[in-house]
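The shown structure was predicted, so the numbers you read here are calculated from the model rather than taken from an experiment. Reminder, nothing fancy here: chain letters follow the sequence lines and each chain counts from 1.
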Amino acid sequence: MTSSPPSGSDRQSAFDRLDPEIRRWIWEQKWEELRDVQDRAISAVLDGSSDVLIAAATAAGKTEAAFLPILTATAGRKERGFSVLYVSPLKALINDQFRRLDQLCERLGVDTVRWHGDAPQSAKDRARRNPRGVMLITPESIEAMLVRRPGEAKAMLGSMDFVVIDELHAFMRGPRGLHLASLLRRLDALGGKRARRVGLSATIGDLHKAAAWLSPHAPSSVAIVQSGSDAPELRLQIRAYVDPVDTEDPDALEVDGKSIALDHIADHIFENLRGSNNLVFGGSRRRVEAVADRLRARSERADVPNEFFPHHGSLSKELREELEARLKSSELPTTGIATTTLELGIDIGSVKSVAQIGAPRSIASLRQRLGRSGRRQGVPAVLRIYVRERTVRLDGDPLDSLRLEVVRAAAAIRLLLEKFVEPQSPEGAVATVVLHQTLSVITQVGGDRADRLYEAVCGAGPLSTFPKQDYVTLLRAMASPEAGLVEQAPDGTVMLGRNGERLTSGRDFYAIFSTDQEWRLVTAGRTLGTMPISNPVGVGGIVSFAGQRWKIVAVDDAAKVIEVARHASGKIPKFDGVANEPVHDLLSERMRDILASDDMPAYLDANAAAYLLEGRQAFRDMELDRTRVLRAGRDTHVLTWTGTEMNSVLALALASAGLECSVLDIGVTVVDASPVEVAGMLGQIAAAPPSLEDLSEFVMNLRTEKYDDYVPEGLLRRTWVAARRDESLRLRDLASLLCRDQG
DNA sequence: GACCTGCTGCGGGATG
């Protein structure tokens, strides 16, 4: 989307409308002019009375775009209480923004205070005594304030004029976004005045959904300020490497006496990225460490100072901040090797290139990463994707020869150039958030009638999709003797129960997310290890773990234990399984397009181009343009070329008919079944597709969110079903397509 | 074999 540049007189007038002190500050900053986004945001904030959504690339000056007019509008405020609340998903971002805002605000005589777990207590105490100006806060700290000091919350945040939500896209999916939406609604209710909301977002995602998040009651009234498309020139390369035939662990730290693909990738990074600032995204902590270690070793061997450093969630804050500071200062050339930790807007200055190890699974994420490169005008953004393929073995899986890593990388680039972004999927965490917010509201007000609690939590906004009937069911479960979360007084008032007291008084209560829930894999009384499982698994399902295939014998949802038995059939597939981030339908579909077409993208290096030719040849040899059911030893692959969600539903449908399945990026593998058997089953599904309600009985790990253990199972099943209406409708067509194509 | 995000209140001790 583009916008015409504003005329000179408009530009002049927007600037002139700012507070005189702010104009002086702008002159002192030696800004030559206001950015387009800032210019238009000034009008949107000062002219309108609606909420405002500012969507622009990183470093386009979004923060100033919001704050210059907001500070102008609130300059004369005399009323006690904070006038502006700035909410951020990260403490580090709050610290960055505080540094940027504080000096401007000081000029204006406006107080600013950081309010998060690591912020200085003395400043908070000062703000408590004299609440005014701008508060920068995390959702969790809002929660803590409402629960611990509701009176103080009202005095400080009960009469705000504006709420600024930074990195809005980070709140658009997942329970944390629902949590924040609920908190903002509760803040509005404190003083009976709704603060105007200003959302800041990168140019990703669906703007109308973002507007609906900001203003659930009036999404079309939101003023949308989007930056003109000044996307820099993009330089792309996909580079392919191969692991030797006997590579056991392609992410190993060190392999004696031989080079694996990761060694060659490290060589290329060392030779091409040294001497400048860059970001390398590694995908997993383990791989990040393996790459960082190789680069450090290369620096030592070459007798040059190391300039490659890891960055991920398991590293201490000190180590991470050291790297961030080094990147930002630009004094020494620095390359950060990160998981997703450097994706969000922490200020790290500009980098020369972005690299990614492994084919992308999410275009939204790829775009976000790319946004970190080429941030200066006239400088091209540089993206390198390093993919690794295996040496194909004669006794290997036939899908190996399709070269799906190279194909997925090419498909991702195609979608990137098509400007595709995954829409956020329907939210499954509603019940957990409703339960959490119910406990929180009870703690805040001391207790209330059930109907008033429902109104306070679900009366409007994203939680209003939770039906009143379900709320009654949920409250009953919370009041049960086993749960003990709430109890009801004779006059009908719902109050905290014993467990409710315990839960709400703990430090862990403030966040709606739980730290990684690991499932323990047990076989014959022996623990194999732990693994996180995010996709539905059921008894009879197949998982790979510790280099083996396992069949699930039993699932203990409460204890998070999966009992497995060794499963002897076939080889472990050599491609990514489901424990990865799910892929979208279109990515899978484009993978098939790439294999079925003939054009050779210019951005493939010689190896990648050769693998793509090989994959296309295999695609033709196996006649995959005609057939979608493929024998692989004793197993059968069903190639749907759709995304993970659809494949999971198909796998459940097959499992409900007694087949053992595992889910692939591009389809489903049916274990120990012939193509004829599978085709017959698909025919039955096409003729009489099982209902999603029936299939939900086969999903064993419904409890994925923090407080799901307290949510009645039937309610979770309904939520699961509701989130998959689309897949349910497509099941019949998909099944008939699959058995029709069966050669 | 994905990844990431957050945290009160209080008491004790050191420091200015």
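- OP1 or OP2 of B/dC4 has not a single side-chain nitrogen or oxygen of A/Arg173 nearer than 4.0 Å.
- Atom pair A/Arg286:CZ and B/dA2:P shows a separation of 11 Å (rounding to whole Å applied).
- Distance from the side chain of A/Arg176 is smallest to B/dG6 among B/dG6, B/dA2, B/dT8.
- Ion pairing between a basic and an acidic side chain is recognised when a charged N comes within 4.0 Å of a carboxylate O; A/Glu405 and A/Arg408 show such pairing.
- Rounding to whole angstrom units, CZ of residue A/Phe513 and C1' of B/dC3 are separated by 13 Å.
- Backbone-only engagement by A/Arg149 is indicated by non-hydrogen atom pairs under 4.0 Å involving sugar-phosphate atoms exclusively.
- Between the side chain of A/Arg148 and the base of B/dT8, no donor-acceptor pair of N or O atoms lies under 3.5 Å.
- Between A/Asp96 and A/Lys328, at least one side-chain N (NZ, or NE/NH1/NH2) sits under 4.0 Å from a carboxylate O, which counts as a salt bridge.
- Contact annotation: A/Thr339 reaches the phosphate of B/dC4 (side-chain N/O to OP1 or OP2, under 4.0 Å).
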- [ ] Might you work through the side chain to side chain contact (heavy atoms under 4.5 Å, CB included) test for A/Arg114 and A/Met135, ending with a clear yes or no?
- [x] CA-CA 6 Å; A/Arg114 280 181 288 171; A/Met135 178 184 285; over 6 Å; no
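- Distance A/Ile512 CD1 to B/dG6 P: 16 Å, rounded to the nearest Å.
- One atom, CE of A/Met145, and another, C1' of B/dG9, lie 14 Å apart when rounded to the nearest Å.
- Counting non-hydrogen atoms under 4.0 angstrom, A/Ser365 reaches nothing in the nucleic acid.
- Nearest-nucleotide positions on DNA chain B for A/Tyr510 and A/Pro250 put A/Pro250 closer to the 5' end.
- Salt-bridge annotation for A/Asp665 and A/Arg361: present, with a side-chain N of the basic residue lying under 4.0 Å from a carboxylate O of the acidic one.
- The base of B/dG6 sits within donor-acceptor range of the side chain of A/Asp508, with an N or O pair under 3.5 Å.
- Comparing atom distances between the A/Glu140 side chain and each of B/dT5, B/dT8, B/dG6 picks out B/dG6 as nearest.
- With DNA chain B read from its 5' end, the first of the two nearest nucleotides for A/His116 and A/Thr341 is the one closest to A/Thr341.
- Residues A/Glu324 and A/His311 bring a donor and an acceptor atom of their side chains to less than 3.5 Å of each other.
- In summary, the side chains of A/Ser284 and A/Asp251 do not present any donor paired with an acceptor at a separation below 3.5 Å, with no hydrogens or angles considered.
- In this structure, A/Ile552 atom CD1 and B/dG1 atom C1' are separated by 14 Å, rounded to whole Å.
- Across all strands shown, A/Arg320 has heavy atoms under 4.0 Å from sugar-phosphate atoms exclusively, and none from any base.
- Between B/dG6 and A/Ser88, no contact under 4.0 Å exists linking OP1 or OP2 to a side-chain N or O.
- One can place NE2 of A/His312 at 11 Å from P of B/dT5, the figure rounded to the nearest angstrom.
- For the pair A/Leu183 and A/Gln437, the tightest heavy-atom approach, listed with the atom from each and the gap, is CD2-OE1, 4.0 Å.
- Of the side-chain N and O atoms in A/Thr138, none sit less than 4.0 angstrom from OP1 or OP2 of B/dG6.
- Listed by residue number, the members of residues 89-98 of chain A with any heavy atom below 4.0 angstrom from DNA chain B are A/Pro89, A/Leu90, A/Lys91.
- The interatomic distance linking A/Arg388 (CZ) with B/dG1 (C1') rounds to 13 Å, in whole Å.
- For the pair A/Arg361 CZ and B/dA2 C1', the computed distance is 8 Å after rounding to whole Å.
- With hydrogens and angles left out, the side-chain atoms of A/Thr432 and A/Asp708 include a donor and acceptor closer than 3.5 Å.
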